[in-house]
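Values in this document were obtained by computation on a predicted structure and should not be read as measured data.
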Amino acid sequence: MTASEYNRCVDEFADGVYRFVLKNIRDTEAAKDIVQDTFEKMWRLRDGIDAPKAKSYLFTAAYRTLVDYTRRRKNQVSDEKLVHWESESDFNIDLREMIDKALDTLPEDQRVVITLRDLEGYSYEEIGEITGLNESQVKVYIYRARLAMKKFLVSREVLV
């Protein structure tokens, strides 16, 4: 990969990688750090990366960096809840906030695959390449995530 191809990757994919990471950790500063680390890794390994496969490489590297970050964070704040709930009396929650809350309730694997599929538009095969799961596992995780989100979104607590 040449420097111009690398720069083109930054221009084309930085926003998508950032959205993917931010949807999964909900921390803008940490998301920026993870994206920066991902592009730094890509720069260091640019000679071994084919330009047509750069997008897949970026999302795979971002996913792995995200997993590492999440594990470190869990070890640092094991007593602290990562999901922050607003009071049930807040009637002014818009749909985006409700969906974000539903995403927060999902296990990490399900949150990652549903974010890649529904928000970033990746195919099952591409998600499998990024996460290291086979296509059947990806489909199962997405199905379970959608069921869990549906259950959360229609629950009495959310509607009250």
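Taking R146 as the reference, I114, R117, D118, I142 meet the side chain to side chain contact (heavy atoms under 4.5 Å, CB included) condition, with sequence neighbours excluded. Applying the side chain to side chain contact (heavy atoms under 4.5 Å, CB included) test to K150 and every residue at least two apart in sequence or in another chain returns nothing. For L147, the side chain to side chain contact (heavy atoms under 4.5 Å, CB included) test picks out Y143, with sequence neighbours left out. For Y63, there are no ring-ring contact (aromatic ring centres under 6.0 Å, His included) partners two or more places apart in sequence or in a different chain. Scored by the salt bridge (Lys or Arg N to Asp or Glu O under 4.0 Å) test, K32 finds E29 as partners (sequence neighbours excluded). Legend: residues meeting side chain to side chain donor-acceptor pair (under 3.5 Å) with S136, ordered by chain and number and at least two apart, are absent. By the side chain to side chain contact (heavy atoms under 4.5 Å, CB included) test, D68 pairs with R71, R72, sequence neighbours left out.
To the nearest 0.5 Å, the span separating CE on M1 from OH on Y6 amounts to 9.0 Å. Here I99 contributes atom CD1 and K23 contributes atom NZ; the two are 8.0 Å apart, rounded to the nearest 0.5 Å.
Listed by first and then second residue, the ring-ring contact (aromatic ring centres under 6.0 Å, His included) pairs involving residues 17-41 are F20-F59 (not counting sequence neighbours). Residues in residues 134-145 take part in these salt bridge (charged side-chain N to carboxylate O under 4.0 Å, His left out) pairs, two or more places apart or across chains: E135-K139. For residues 5-21, every residue pair satisfying the salt bridge (charged side-chain N to carboxylate O under 4.0 Å, His left out) rule, not counting sequence neighbours, is listed here: R19-E120. Listed by first then second residue, pairs satisfying ring-ring contact (aromatic ring centres under 6.0 Å, His included) with a partner in residues 96-118 number zero, not counting sequence neighbours.
The shortest distance between side-chain heavy atoms of L133 and I127 does not fall below 4.5 Å. By the 4.5 Å heavy-atom criterion applied to side chains, D109 and Q137 are not counted as neighbours.
I34 and A62 get closest at one heavy-atom pair: CG2-O, 4.1 Å. In this structure, I25 and A31 approach most closely via the heavy-atom pair CD1-N, 3.6 Å.
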Yes or no on side-chain contact (heavy atoms from CB on, under 4.5 Å) for L116 and V138, after CA distance, side-chain angles and deciding distance? CA-CA 10 Å; L116 286 171; V138 170; over 6 Å; no
I'd like to know whether L103 forms a side-chain contact (heavy atoms from CB on, under 4.5 Å) with L106, so could you lay out the CA-CA distance, the side-chain angles of the two residues, the decisive distance to 0.1 Å, and finally the verdict. CA-CA 5 Å; L103 280 170; L106 298 175; 3.9 Å; yes
M149/T105 under side-chain contact (heavy atoms from CB on, under 4.5 Å): CA gap, chis, key distance, verdict: CA-CA 8 Å; M149 288 182 68; T105 66; 5.7 Å; no
With side-chain contact (heavy atoms from CB on, under 4.5 Å) as the criterion, how do L66 and T38 come out once you've worked through the C-alpha distance, each side chain's angles and the decisive distance to 0.1 Å? CA-CA 10 Å; L66 176 66; T38 302; over 6 Å; no
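Remark: R111 does not engage D104 in a salt bridge, criterion side-chain N to carboxylate O under 4.0 Å.
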Return all side-chain donor-acceptor pairs below 3.5 angstrom for residues 41-57, not counting sequence neighbours, or 'none' if the list is empty.
from	atom 1	to	atom 2	distance (Å)
K41	NZ	T65	OG1	2.8
R46	NH1	W43	O	2.7

